[in-house]
There are 2 protein chains.
Amino acid sequence: MNNEKKIILGIDPGFHVTGYGIIKKEGRTTYLLDCGYLQMASTKPLPERVHIFYDFFVQKVVGCLVTDIALETPFLGKNAQNFLKLGYLRGILYLIAHQHHLTLHEFAPREIKQSITGFGGASKDQVARVIMQLFPKLHEQKKQDVTDALAVTLCGLWK
Amino acid sequence: MNNEKKIILGIDPGFHVTGYGIIKKEGRTTYLLDCGYLQMASTKPLPERVHIFYDFFVQKVVGCLVTDIALETPFLGKNAQNFLKLGYLRGILYLIAHQHHLTLHEFAPREIKQSITGFGGASKDQVARVIMQLFPKLHEQKKQDVTDALAVTLCGLWK
């Protein structure tokens, strides 16, 4: 019998919109505890946004008794400054993980797509479609950010 | 009469060695309160190092009643992963700055060299030489990291 209990927070970080999902696994049953997004006004200075981000996810971790955190490994896109800024948020998540004794999981984009759709080259839409089948009640708003985050969360659960 | 009081923490962050300097300015007098470096074993996982870095600089900020923080703006070097990892540490410094109500100063490398040596194209050695003249009692160990950090600190003070 598998009585393992895990509460995974999966995050798709971004300075504008960060999607997240929190899924609990107890034995063979899984529950979606929470999902949604954090939106930060681009008019606020970066240090303030970093602080908002930190406080938001510390509250989620403490409030939902999170045990694990799952992230996608970043890749260097066209914009080096965005890549650096993504690093700011990842640094904050590393800090939270270590401060709250969470197990950290990181997955390459291909690994996540493979895990969710069975095909590592799947499109974002294909991933979103599978997630929507699993969680049909997701809100319409910022759905892509939330489904991306739930894909990482599930990957952390299944791997 | 200028009674302005400032305590500036200047940091040259790195995952292996981070140099720092803390200088107090009261009216027209400046004092070197502290300087040195934080070394983190590369065998420790990144989240642990991020946490050590956070705790170390929170202690410095609280212990020395720091009011300002000064950093060099990063540039994308040859190694994108190092650039991303530098972002982790900068994110932590942004968080500390906002949590402790510090004024954040950021300077391009040229600006710092210009401010210290009078010449924006100065070499690291030339910058180090000026710093050593101003603070002749610096320890030998990791001197380059410490002089770099003191250069940023002074730039924050003089600008």
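A note on names: the letters A, B, ... follow the listed sequences, proteins ahead of strands, and every chain is numbered from 1. On a predicted model such as this, the values are computed, not experimentally measured, just so you know.
- The part of A:Y54 that comes within reach of chain B is its side chain, from C-beta onward, which places non-hydrogen atoms under 4.5 angstrom from that chain.
- The parts of B:L46 that come within reach of chain A are both its backbone and its side chain, each placing non-hydrogen atoms under 4.5 angstrom from that chain.
- Each of B:F119 and B:L154 belongs to its own hydrophobic cluster when Ile, Leu, Val, Met, Phe, Trp and Tyr are linked at side-chain heavy-atom distances under 4.5 angstrom.
- In this structure, the portions of A:L84 lying under 4.5 Å from any heavy atom of chain B include both its backbone and its side chain.
- Within a 6.0 Å radius of NZ in A:K44, no more than 12 heavy atoms belonging to other residues, nucleotides or ligands are found.
- For the set B:P74, B:P47, B:G91, the count of heavy-atom pairs under 4.5 angstrom toward chain A peaks at B:P47.
- Interatomic distance, CG of A:L86 versus OH of B:Y88, reported as 8.5 Å (0.5 Å rounding).
- With contacts defined as side-chain heavy-atom distances shorter than 4.5 Å, the pair A:L95/B:L95 qualifies.
- Using bins of under 30°, 30° to 60° and over 60° for the plane-to-plane angle, the ring pair B:F83/A:F83 lands in the parallel bin.
- Partner of B:H51 under the ring pair (Phe, Tyr, Trp, His ring centres under 6.0 Å) criterion, out of A:H98, A:H100, A:H101: A:H98 alone.
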